[in-house]
Amino acid sequence: MIRHAKLIAAKDLRIEVSAKVLTAQILPFGLLVLVLFGFGIPPDRRVLGTDDEASRSLLEQASPGLFWLAILFSALLAINRSFAIESVDGNLDALRLAGFDPAGVFLGKSLAVASELVVLEVIVGIGAFLLYGPPLGDPLLLGSTVLLTTGAMAFAGTLYGALGAGSRLRDTLVPLLVLPVLAPVLLAATRATESSLFEGSSSGWGWVGFLGAFCLLYLGAGILSFGSLLEET
Amino acid sequence: MLGVKWPISFIAVSDPVVRLRGVVSLIGRFPALAGTDLVVEQGEVVLLQGPNGAGKSTLLRLCAGMAPIHTGHGEAFGFDLTTRAGQREVRRRVGLLGHATSLYDDLTVEENVRFWSSAAAIGRGRDGTSSSGGASGSDAARADEAMTRLGVGERLRSVKVARLSAGQRRRAAIAVVVARRPLLWLLDEPHAGLDADGRDLIDELVRQAAEQGATAIVASHELDRVDALATRVLSVVGGQVSA
(Lines give C-alpha, C1' and ligand atoms only; values in the text may rest on other atoms or scores of the structure.)
Protein backbone atom coordinates (compact mmCIF):
# COMPACT_ATOMS: atom_id res chain seq x y z
CA MET A 1 0.00 0.00 0.00
CA ILE A 2 2.76 2.45 0.92
CA ARG A 3 4.72 1.71 -2.29
CA HIS A 4 1.57 2.29 -4.33
CA ALA A 5 0.86 5.51 -2.45
CA LYS A 6 4.39 6.80 -3.07
CA LEU A 7 4.18 5.96 -6.77
CA ILE A 8 0.80 7.68 -7.20
CA ALA A 9 1.82 10.74 -5.17
CA ALA A 10 5.08 11.12 -7.09
CA LYS A 11 3.24 10.81 -10.40
CA ASP A 12 0.56 13.35 -9.45
CA LEU A 13 3.12 15.86 -8.18
CA ARG A 14 5.28 15.38 -11.27
CA ILE A 15 2.26 16.12 -13.43
CA GLU A 16 1.49 19.26 -11.42
CA VAL A 17 5.09 20.48 -11.66
CA SER A 18 5.04 19.84 -15.39
CA ALA A 19 1.60 21.35 -16.07
CA LYS A 20 2.16 24.28 -13.65
CA VAL A 21 -1.56 24.32 -12.79
CA LEU A 22 -0.80 24.91 -9.10
CA THR A 23 1.54 27.84 -9.63
CA ALA A 24 -0.15 29.39 -12.67
CA GLN A 25 -3.80 28.91 -11.76
CA ILE A 26 -4.67 27.61 -8.28
CA LEU A 27 -2.24 29.80 -6.33
CA PRO A 28 -3.16 33.04 -8.15
CA PHE A 29 -6.83 32.11 -7.62
CA GLY A 30 -6.27 31.76 -3.87
CA LEU A 31 -4.46 35.09 -3.66
CA LEU A 32 -7.15 36.75 -5.77
CA VAL A 33 -9.88 35.51 -3.44
CA LEU A 34 -7.89 36.89 -0.52
CA VAL A 35 -7.62 40.32 -2.16
CA LEU A 36 -11.30 40.35 -3.14
CA PHE A 37 -12.32 39.59 0.43
CA GLY A 38 -10.26 42.63 1.40
CA PHE A 39 -12.28 44.77 -1.05
CA GLY A 40 -15.51 43.46 0.47
CA ILE A 41 -14.63 44.43 4.04
CA PRO A 42 -13.46 48.03 4.59
CA PRO A 43 -10.12 47.99 6.46
CA ASP A 44 -11.13 50.84 8.78
CA ARG A 45 -14.31 49.12 10.03
CA ARG A 46 -13.89 48.23 13.74
CA VAL A 47 -15.23 45.30 15.72
CA LEU A 48 -17.86 46.04 18.36
CA GLY A 49 -17.18 44.19 21.61
CA THR A 50 -14.61 44.13 24.36
CA ASP A 51 -11.82 46.68 24.48
CA ASP A 52 -9.39 44.14 23.13
CA GLU A 53 -11.65 43.27 20.20
CA ALA A 54 -12.50 46.91 19.54
CA SER A 55 -8.84 47.64 18.96
CA ARG A 56 -8.89 45.29 15.95
CA SER A 57 -10.26 45.98 12.50
CA LEU A 58 -13.10 43.81 11.22
CA LEU A 59 -10.79 42.55 8.48
CA GLU A 60 -8.19 41.48 11.02
CA GLN A 61 -10.81 39.82 13.19
CA ALA A 62 -12.29 37.96 10.20
CA SER A 63 -8.90 37.03 8.75
CA PRO A 64 -8.90 33.37 9.97
CA GLY A 65 -12.23 32.66 8.27
CA LEU A 66 -11.29 34.53 5.12
CA PHE A 67 -7.96 32.68 4.92
CA TRP A 68 -9.60 29.27 5.28
CA LEU A 69 -12.31 30.16 2.77
CA ALA A 70 -9.63 31.11 0.26
CA ILE A 71 -7.85 27.79 0.95
CA LEU A 72 -11.10 25.82 0.71
CA PHE A 73 -12.02 27.30 -2.67
CA SER A 74 -8.50 26.68 -3.95
CA ALA A 75 -8.60 23.14 -2.55
CA LEU A 76 -11.70 22.44 -4.65
CA LEU A 77 -9.66 23.23 -7.74
CA ALA A 78 -6.81 20.97 -6.60
CA ILE A 79 -9.20 18.10 -5.81
CA ASN A 80 -10.99 18.46 -9.13
CA ARG A 81 -7.66 18.55 -10.92
CA SER A 82 -6.48 15.42 -9.10
CA PHE A 83 -9.26 13.39 -10.70
CA ALA A 84 -9.45 15.31 -13.96
CA ILE A 85 -6.06 13.84 -14.93
CA GLU A 86 -7.44 10.33 -14.35
CA SER A 87 -10.72 10.90 -16.15
CA VAL A 88 -9.25 11.42 -19.60
CA ASP A 89 -8.01 8.84 -22.07
CA GLY A 90 -8.91 5.79 -19.99
CA ASN A 91 -6.45 6.49 -17.18
CA LEU A 92 -8.86 5.47 -14.44
CA ASP A 93 -9.34 2.12 -16.20
CA ALA A 94 -5.59 1.77 -16.47
CA LEU A 95 -5.18 2.40 -12.72
CA ARG A 96 -7.65 -0.41 -12.06
CA LEU A 97 -5.94 -2.69 -14.56
CA ALA A 98 -2.50 -2.01 -13.13
CA GLY A 99 -3.42 -3.83 -9.93
CA PHE A 100 -2.94 -0.89 -7.59
CA ASP A 101 -4.05 -1.34 -4.03
CA PRO A 102 -7.05 1.05 -3.87
CA ALA A 103 -5.98 2.20 -0.41
CA GLY A 104 -2.59 3.08 -1.91
CA VAL A 105 -4.28 5.13 -4.64
CA PHE A 106 -6.34 6.94 -1.99
CA LEU A 107 -3.32 7.68 0.17
CA GLY A 108 -1.17 8.71 -2.78
CA LYS A 109 -3.75 11.07 -4.18
CA SER A 110 -4.45 12.50 -0.71
CA LEU A 111 -0.73 13.03 -0.14
CA ALA A 112 -0.34 14.85 -3.45
CA VAL A 113 -3.36 17.09 -2.75
CA ALA A 114 -2.08 17.74 0.78
CA SER A 115 1.37 18.71 -0.56
CA GLU A 116 -0.23 21.21 -2.91
CA LEU A 117 -2.38 22.58 -0.09
CA VAL A 118 0.68 23.11 2.11
CA VAL A 119 2.30 25.21 -0.63
CA LEU A 120 -0.96 27.14 -0.99
CA GLU A 121 -1.33 27.66 2.75
CA VAL A 122 2.19 29.01 3.14
CA ILE A 123 1.92 31.52 0.30
CA VAL A 124 -1.73 32.50 0.85
CA GLY A 125 -0.96 32.65 4.59
CA ILE A 126 1.86 35.14 4.00
CA GLY A 127 -0.57 37.11 1.83
CA ALA A 128 -3.19 37.06 4.59
CA PHE A 129 -0.71 38.34 7.18
CA LEU A 130 0.39 41.12 4.85
CA LEU A 131 -3.12 42.13 3.75
CA TYR A 132 -5.13 41.65 6.93
CA GLY A 133 -2.42 42.18 9.53
CA PRO A 134 -3.34 39.72 12.31
CA PRO A 135 -0.82 38.94 15.08
CA LEU A 136 1.19 35.70 14.83
CA GLY A 137 -0.24 34.33 18.09
CA ASP A 138 0.52 30.77 19.21
CA PRO A 139 2.65 29.10 16.50
CA LEU A 140 2.20 25.58 17.90
CA LEU A 141 -1.59 25.79 17.85
CA LEU A 142 -1.52 27.48 14.45
CA GLY A 143 0.81 24.83 13.01
CA SER A 144 -1.32 21.99 14.39
CA THR A 145 -4.45 23.59 12.97
CA VAL A 146 -2.88 24.00 9.53
CA LEU A 147 -1.54 20.44 9.52
CA LEU A 148 -4.80 18.77 10.53
CA THR A 149 -7.00 20.98 8.34
CA THR A 150 -4.79 20.11 5.40
CA GLY A 151 -5.21 16.41 6.14
CA ALA A 152 -8.97 16.75 6.62
CA MET A 153 -9.40 18.60 3.32
CA ALA A 154 -7.13 16.19 1.45
CA PHE A 155 -8.70 12.97 2.80
CA ALA A 156 -12.35 14.03 2.52
CA GLY A 157 -11.72 15.83 -0.76
CA THR A 158 -10.03 12.81 -2.31
CA LEU A 159 -12.81 10.49 -1.18
CA TYR A 160 -15.59 12.67 -2.59
CA GLY A 161 -13.51 13.64 -5.60
CA ALA A 162 -13.42 9.96 -6.55
CA LEU A 163 -17.21 9.84 -6.35
CA GLY A 164 -17.47 12.47 -9.05
CA ALA A 165 -14.50 11.27 -11.07
CA GLY A 166 -16.44 9.20 -13.59
CA SER A 167 -19.18 11.75 -14.09
CA ARG A 168 -19.37 14.11 -17.04
CA LEU A 169 -20.66 16.65 -14.50
CA ARG A 170 -17.50 16.28 -12.38
CA ASP A 171 -16.57 19.98 -12.46
CA THR A 172 -19.80 21.05 -10.80
CA LEU A 173 -20.56 17.85 -8.89
CA VAL A 174 -17.36 17.71 -6.83
CA PRO A 175 -17.85 21.15 -5.18
CA LEU A 176 -21.47 20.23 -4.40
CA LEU A 177 -20.31 17.04 -2.70
CA VAL A 178 -17.22 18.40 -0.98
CA LEU A 179 -18.36 21.79 0.35
CA PRO A 180 -21.06 20.51 2.75
CA VAL A 181 -18.69 17.82 4.04
CA LEU A 182 -15.91 20.32 4.66
CA ALA A 183 -18.18 22.91 6.30
CA PRO A 184 -17.40 21.57 9.82
CA VAL A 185 -13.69 21.59 8.94
CA LEU A 186 -13.96 25.23 7.90
CA LEU A 187 -15.70 26.06 11.17
CA ALA A 188 -13.18 24.20 13.32
CA ALA A 189 -10.16 25.54 11.45
CA THR A 190 -11.48 29.11 11.73
CA ARG A 191 -12.18 28.81 15.45
CA ALA A 192 -8.82 27.19 16.17
CA THR A 193 -6.99 29.80 14.10
CA GLU A 194 -8.87 32.64 15.84
CA SER A 195 -7.90 31.14 19.14
CA SER A 196 -4.25 30.85 18.17
CA LEU A 197 -4.07 34.39 16.80
CA PHE A 198 -6.15 36.35 19.29
CA GLU A 199 -6.89 34.38 22.45
CA GLY A 200 -3.92 32.21 23.25
CA SER A 201 -4.26 28.48 23.04
CA SER A 202 -6.87 27.79 25.72
CA SER A 203 -9.97 27.05 23.67
CA GLY A 204 -8.28 26.23 20.37
CA TRP A 205 -7.08 22.74 21.20
CA GLY A 206 -10.62 21.42 21.42
CA TRP A 207 -11.14 22.39 17.79
CA VAL A 208 -7.78 20.86 16.90
CA GLY A 209 -9.01 17.63 18.49
CA PHE A 210 -12.11 17.79 16.31
CA LEU A 211 -9.93 18.26 13.21
CA GLY A 212 -7.80 15.27 14.24
CA ALA A 213 -10.90 13.09 14.66
CA PHE A 214 -12.21 14.24 11.26
CA CYS A 215 -8.84 13.34 9.69
CA LEU A 216 -8.88 9.87 11.21
CA LEU A 217 -12.51 9.30 10.21
CA TYR A 218 -11.90 10.15 6.55
CA LEU A 219 -8.54 8.41 6.46
CA GLY A 220 -10.24 5.21 7.61
CA ALA A 221 -13.26 5.68 5.33
CA GLY A 222 -11.00 6.29 2.35
CA ILE A 223 -8.81 3.26 2.98
CA LEU A 224 -11.84 1.01 3.43
CA SER A 225 -14.09 2.29 0.66
CA PHE A 226 -11.83 3.55 -2.11
CA GLY A 227 -11.74 0.16 -3.82
CA SER A 228 -15.51 0.15 -4.27
CA LEU A 229 -15.44 3.77 -5.39
CA LEU A 230 -12.78 3.11 -8.01
CA GLU A 231 -14.72 0.14 -9.36
CA GLU A 232 -17.99 2.01 -9.59
CA THR A 233 -16.71 5.21 -11.22
CA MET B 1 15.77 -7.15 -31.41
CA LEU B 2 12.81 -8.97 -29.90
CA GLY B 3 14.68 -11.33 -27.69
CA VAL B 4 12.71 -11.03 -24.47
CA LYS B 5 11.77 -14.23 -22.68
CA TRP B 6 8.10 -14.25 -21.71
CA PRO B 7 7.45 -15.64 -18.27
CA ILE B 8 5.12 -18.62 -18.23
CA SER B 9 6.17 -20.18 -14.97
CA PHE B 10 2.87 -20.01 -13.16
CA ILE B 11 0.40 -21.00 -15.86
CA ALA B 12 -0.97 -24.48 -15.55
CA VAL B 13 -0.42 -25.63 -19.11
CA SER B 14 -3.43 -27.94 -19.21
CA ASP B 15 -5.98 -25.26 -18.25
CA PRO B 16 -7.42 -22.86 -20.80
CA VAL B 17 -6.29 -19.29 -20.30
CA VAL B 18 -9.85 -18.04 -20.84
CA ARG B 19 -13.07 -19.97 -20.45
CA LEU B 20 -16.48 -18.29 -20.83
CA ARG B 21 -19.82 -20.10 -20.65
CA GLY B 22 -23.13 -18.42 -21.46
CA VAL B 23 -21.79 -15.02 -20.48
CA VAL B 24 -24.14 -12.06 -20.58
CA SER B 25 -22.63 -8.63 -20.00
CA LEU B 26 -24.81 -5.55 -20.00
CA ILE B 27 -23.85 -1.97 -20.76
CA GLY B 28 -26.72 -0.15 -19.12
CA ARG B 29 -29.67 -2.26 -20.23
CA PHE B 30 -28.07 -3.22 -23.52
CA PRO B 31 -26.61 -6.74 -23.68
CA ALA B 32 -23.15 -6.16 -25.17
CA LEU B 33 -22.50 -9.90 -24.81
CA ALA B 34 -25.51 -12.19 -25.04
CA GLY B 35 -24.73 -15.75 -24.04
CA THR B 36 -21.10 -15.86 -25.14
CA ASP B 37 -19.08 -19.07 -25.05
CA LEU B 38 -15.33 -18.96 -25.55
CA VAL B 39 -12.34 -21.12 -24.72
CA VAL B 40 -8.82 -19.86 -25.44
CA GLU B 41 -5.82 -22.11 -24.84
CA GLN B 42 -2.33 -21.00 -23.89
CA GLY B 43 -0.21 -19.87 -26.83
CA GLU B 44 -3.17 -19.22 -29.11
CA VAL B 45 -3.54 -16.05 -31.13
CA VAL B 46 -7.28 -15.56 -31.57
CA LEU B 47 -8.59 -13.03 -34.05
CA LEU B 48 -11.99 -11.52 -33.33
CA GLN B 49 -13.75 -10.04 -36.29
CA GLY B 50 -17.15 -8.49 -36.61
CA PRO B 51 -18.97 -5.24 -37.27
CA ASN B 52 -18.79 -2.18 -35.05
CA GLY B 53 -20.86 -2.59 -31.91
CA ALA B 54 -20.81 -6.39 -32.12
CA GLY B 55 -19.27 -6.76 -28.64
CA LYS B 56 -15.58 -7.29 -29.49
CA SER B 57 -14.30 -4.56 -27.18
CA THR B 58 -16.58 -5.67 -24.35
CA LEU B 59 -15.35 -9.24 -24.78
CA LEU B 60 -11.73 -8.08 -24.50
CA ARG B 61 -12.51 -5.97 -21.43
CA LEU B 62 -14.34 -8.88 -19.88
CA CYS B 63 -11.35 -11.17 -20.42
CA ALA B 64 -9.23 -8.49 -18.71
CA GLY B 65 -11.50 -8.46 -15.66
CA MET B 66 -12.68 -4.98 -16.54
CA ALA B 67 -16.30 -5.64 -17.52
CA PRO B 68 -19.00 -7.28 -15.42
CA ILE B 69 -20.55 -10.68 -16.02
CA HIS B 70 -24.26 -10.42 -15.26
CA THR B 71 -25.12 -14.06 -15.93
CA GLY B 72 -23.07 -17.06 -16.96
CA HIS B 73 -19.62 -18.11 -15.86
CA GLY B 74 -16.20 -16.85 -16.82
CA GLU B 75 -12.67 -17.51 -15.69
CA ALA B 76 -9.18 -16.57 -16.78
CA PHE B 77 -5.99 -18.21 -15.52
CA GLY B 78 -8.35 -20.21 -13.28
CA PHE B 79 -9.63 -17.08 -11.53
CA ASP B 80 -13.33 -16.41 -11.37
CA LEU B 81 -14.19 -13.36 -13.46
CA THR B 82 -17.51 -12.91 -11.68
CA THR B 83 -15.83 -11.93 -8.40
CA ARG B 84 -13.91 -8.77 -7.67
CA ALA B 85 -11.03 -10.72 -6.15
CA GLY B 86 -10.81 -12.91 -9.25
CA GLN B 87 -10.91 -9.89 -11.54
CA ARG B 88 -8.05 -8.30 -9.62
CA GLU B 89 -5.90 -11.40 -10.04
CA VAL B 90 -6.64 -11.53 -13.76
CA ARG B 91 -5.85 -7.85 -14.29
CA ARG B 92 -2.33 -8.39 -12.99
CA ARG B 93 -1.66 -10.92 -15.74
CA VAL B 94 -3.08 -9.17 -18.79
CA GLY B 95 -2.10 -6.30 -21.05
CA LEU B 96 -5.09 -4.49 -22.53
CA LEU B 97 -4.65 -2.11 -25.43
CA GLY B 98 -7.99 -0.41 -25.92
CA HIS B 99 -9.10 2.60 -27.91
CA ALA B 100 -7.82 4.93 -25.20
CA THR B 101 -4.06 5.19 -24.78
CA SER B 102 -4.08 5.67 -20.99
CA LEU B 103 -1.21 8.13 -21.04
CA TYR B 104 -0.79 11.31 -19.01
CA ASP B 105 -0.50 14.30 -21.33
CA ASP B 106 1.74 16.30 -19.00
CA LEU B 107 4.32 13.55 -18.54
CA THR B 108 6.93 12.57 -21.08
CA VAL B 109 6.75 9.27 -22.93
CA GLU B 110 9.52 7.88 -20.73
CA GLU B 111 7.82 9.01 -17.51
CA ASN B 112 4.57 7.42 -18.63
CA VAL B 113 6.09 4.08 -19.59
CA ARG B 114 8.16 3.95 -16.39
CA PHE B 115 5.17 4.80 -14.23
CA TRP B 116 2.97 2.07 -15.69
CA SER B 117 5.86 -0.39 -15.68
CA SER B 118 6.50 0.26 -11.99
CA ALA B 119 2.78 0.03 -11.26
CA ALA B 120 2.54 -3.34 -12.97
CA ALA B 121 5.61 -4.63 -11.14
CA ILE B 122 4.24 -3.58 -7.75
CA GLY B 123 0.80 -4.97 -8.60
CA ARG B 124 2.25 -8.35 -9.59
CA GLY B 125 4.53 -8.48 -6.61
CA ARG B 126 1.85 -7.93 -3.98
CA ASP B 127 1.47 -11.60 -3.15
CA GLY B 128 4.92 -12.59 -4.28
CA THR B 129 3.64 -13.72 -7.69
CA SER B 130 6.18 -12.28 -10.05
CA SER B 131 5.64 -12.82 -13.72
CA SER B 132 8.89 -11.09 -14.48
CA GLY B 133 10.82 -13.98 -13.07
CA GLY B 134 13.11 -11.66 -11.18
CA ALA B 135 15.83 -11.90 -13.78
CA SER B 136 14.58 -9.30 -16.18
CA GLY B 137 16.00 -6.30 -14.36
CA SER B 138 14.44 -3.25 -12.79
CA ASP B 139 11.23 -1.51 -13.77
CA ALA B 140 13.26 1.20 -15.45
CA ALA B 141 15.18 -1.35 -17.49
CA ARG B 142 11.94 -3.03 -18.48
CA ALA B 143 10.48 0.31 -19.56
CA ASP B 144 13.63 1.18 -21.52
CA GLU B 145 13.54 -2.18 -23.25
CA ALA B 146 9.86 -1.77 -24.17
CA MET B 147 10.47 1.67 -25.64
CA THR B 148 13.44 0.39 -27.62
CA ARG B 149 11.37 -2.45 -29.01
CA LEU B 150 8.67 -0.01 -30.09
CA GLY B 151 11.21 2.21 -31.81
CA VAL B 152 10.72 5.05 -29.33
CA GLY B 153 14.08 6.78 -29.63
CA GLU B 154 15.90 8.99 -27.14
CA ARG B 155 14.47 12.19 -28.61
CA LEU B 156 10.88 10.98 -28.47
CA ARG B 157 11.20 9.68 -24.91
CA SER B 158 11.66 13.16 -23.50
CA VAL B 159 8.66 14.63 -25.32
CA LYS B 160 5.44 15.29 -23.42
CA VAL B 161 2.66 13.00 -24.57
CA ALA B 162 0.44 16.02 -25.32
CA ARG B 163 2.82 16.92 -28.14
CA LEU B 164 2.80 13.51 -29.83
CA SER B 165 1.05 12.63 -33.06
CA ALA B 166 -1.71 10.01 -32.90
CA GLY B 167 0.65 7.34 -34.24
CA GLN B 168 3.43 8.20 -31.79
CA ARG B 169 0.90 8.17 -28.98
CA ARG B 170 -0.24 4.73 -30.05
CA ARG B 171 3.34 3.45 -30.06
CA ALA B 172 3.85 4.79 -26.54
CA ALA B 173 0.65 3.06 -25.43
CA ILE B 174 1.86 -0.22 -26.92
CA ALA B 175 5.19 0.25 -25.14
CA VAL B 176 3.24 0.42 -21.87
CA VAL B 177 1.60 -2.92 -22.67
CA VAL B 178 4.93 -4.48 -23.63
CA ALA B 179 6.55 -3.21 -20.42
CA ARG B 180 3.86 -5.03 -18.42
CA ARG B 181 5.01 -8.34 -19.96
CA PRO B 182 1.50 -9.74 -19.93
CA LEU B 183 0.62 -13.39 -20.10
CA LEU B 184 -2.53 -12.54 -22.03
CA TRP B 185 -2.43 -9.81 -24.69
CA LEU B 186 -5.81 -8.23 -25.35
CA LEU B 187 -5.48 -5.92 -28.30
CA ASP B 188 -8.36 -3.83 -29.62
CA GLU B 189 -7.61 -2.53 -33.10
CA PRO B 190 -3.86 -2.51 -32.40
CA HIS B 191 -2.95 -1.34 -35.90
CA ALA B 192 -5.17 1.74 -35.81
CA GLY B 193 -3.24 4.95 -36.35
CA LEU B 194 0.11 3.24 -37.00
CA ASP B 195 2.30 3.51 -40.08
CA ALA B 196 3.42 0.44 -42.03
CA ASP B 197 6.49 -0.11 -39.82
CA GLY B 198 4.40 0.16 -36.71
CA ARG B 199 1.87 -2.36 -38.03
CA ASP B 200 4.64 -4.82 -38.86
CA LEU B 201 6.07 -4.30 -35.39
CA ILE B 202 2.74 -5.11 -33.73
CA ASP B 203 2.52 -8.35 -35.72
CA GLU B 204 6.05 -9.26 -34.70
CA LEU B 205 5.36 -8.52 -31.02
CA VAL B 206 2.28 -10.73 -31.02
CA ARG B 207 4.09 -13.52 -32.87
CA GLN B 208 7.02 -13.42 -30.45
CA ALA B 209 4.76 -13.33 -27.42
CA ALA B 210 2.84 -16.38 -28.63
CA GLU B 211 6.07 -18.26 -29.40
CA GLN B 212 7.20 -17.66 -25.86
CA GLY B 213 4.02 -18.99 -24.31
CA ALA B 214 1.82 -15.94 -23.98
CA THR B 215 -1.69 -15.84 -25.41
CA ALA B 216 -3.28 -13.12 -27.52
CA ILE B 217 -6.82 -12.13 -28.42
CA VAL B 218 -6.88 -9.48 -31.12
CA ALA B 219 -9.93 -7.57 -32.33
CA SER B 220 -9.18 -6.12 -35.72
CA HIS B 221 -10.73 -5.11 -39.01
CA GLU B 222 -7.35 -5.68 -40.71
CA LEU B 223 -8.27 -9.24 -41.55
CA ASP B 224 -5.53 -10.00 -44.08
CA ARG B 225 -2.83 -8.84 -41.72
CA VAL B 226 -4.07 -10.56 -38.56
CA ASP B 227 -5.29 -13.65 -40.39
CA ALA B 228 -1.66 -14.54 -41.07
CA LEU B 229 -0.90 -14.38 -37.36
CA ALA B 230 -4.01 -15.98 -35.95
CA THR B 231 -4.27 -19.60 -34.92
CA ARG B 232 -8.05 -19.19 -34.89
CA VAL B 233 -10.50 -16.69 -36.32
CA LEU B 234 -13.78 -16.06 -34.53
CA SER B 235 -16.72 -13.99 -35.58
CA VAL B 236 -18.51 -11.75 -33.08
CA VAL B 237 -22.01 -10.70 -34.09
CA GLY B 238 -24.77 -9.42 -31.85
CA GLY B 239 -22.79 -10.18 -28.70
CA GLN B 240 -22.28 -13.85 -29.59
CA VAL B 241 -19.11 -15.62 -30.70
CA SER B 242 -19.02 -18.19 -33.49
CA ALA B 243 -16.23 -19.93 -35.39
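First the proteins, then the strands, lettered A, B, ... as listed; each starts at 1. Computed from a predicted structure; not experimentally measured.
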> For chain A, which of B:A162, B:G95, B:G98, B:A100 has the most heavy-atom pairs under 4.5 Å?
B:A100
> For B:K160, look at atom NZ and say whether over 12 heavy atoms of other residues, nucleotides or ligands are found less than 6.0 Å away.
yes
> Going from OG on B:S118 to NE2 on A:H4, what distance comes out if it is rounded to the nearest 0.5 angstrom?
10.5 Å
> So which residues of residues 59-73 of chain B are in contact with chain A at a heavy-atom cut-off of under 4.5 Å?
B:R61, B:A64, B:M66
> For B:R92 versus A:G99, what's the shortest heavy-atom pair and its separation?
CG-CA, 4.2 Å
> Before giving the answer on side chain to side chain contact (heavy atoms under 4.5 Å, CB included), spell out for A:S228 and B:R84 the whole-Å C-alpha distance, their side-chain angles and the decisive distance to 0.1 Å.
CA-CA 10 Å; A:S228 302; B:R84 196 163 281 175; 3.7 Å; yes
> Does A:A94 offer a backbone N or O that forms a donor-acceptor pair with the side chain of B:S102 under 3.5 Å?
no
> Which value, rounded to the nearest 0.5 Å, describes the distance between B:R91 atom CZ and A:L95 atom CG?
11.0 Å
> Listed by residue number, which members of residues 103-114 of chain B have a heavy atom under 4.5 Å from any heavy atom of chain A?
B:L103, B:Y104, B:D106, B:L107, B:E111
> Do the rings of A:F100 and B:W116 sit parallel, tilted or perpendicular, given the 30° and 60° boundaries?
perpendicular
> Tell me which of these, A:V88, A:L7, A:I15, A:N91, has more heavy-atom pairs under 4.5 Å with chain B than the rest.
A:N91
> Say you draw a straight line from CZ of B:R88 to CG of A:D101; how long is it, rounded to the nearest 0.5 Å?
8.5 Å
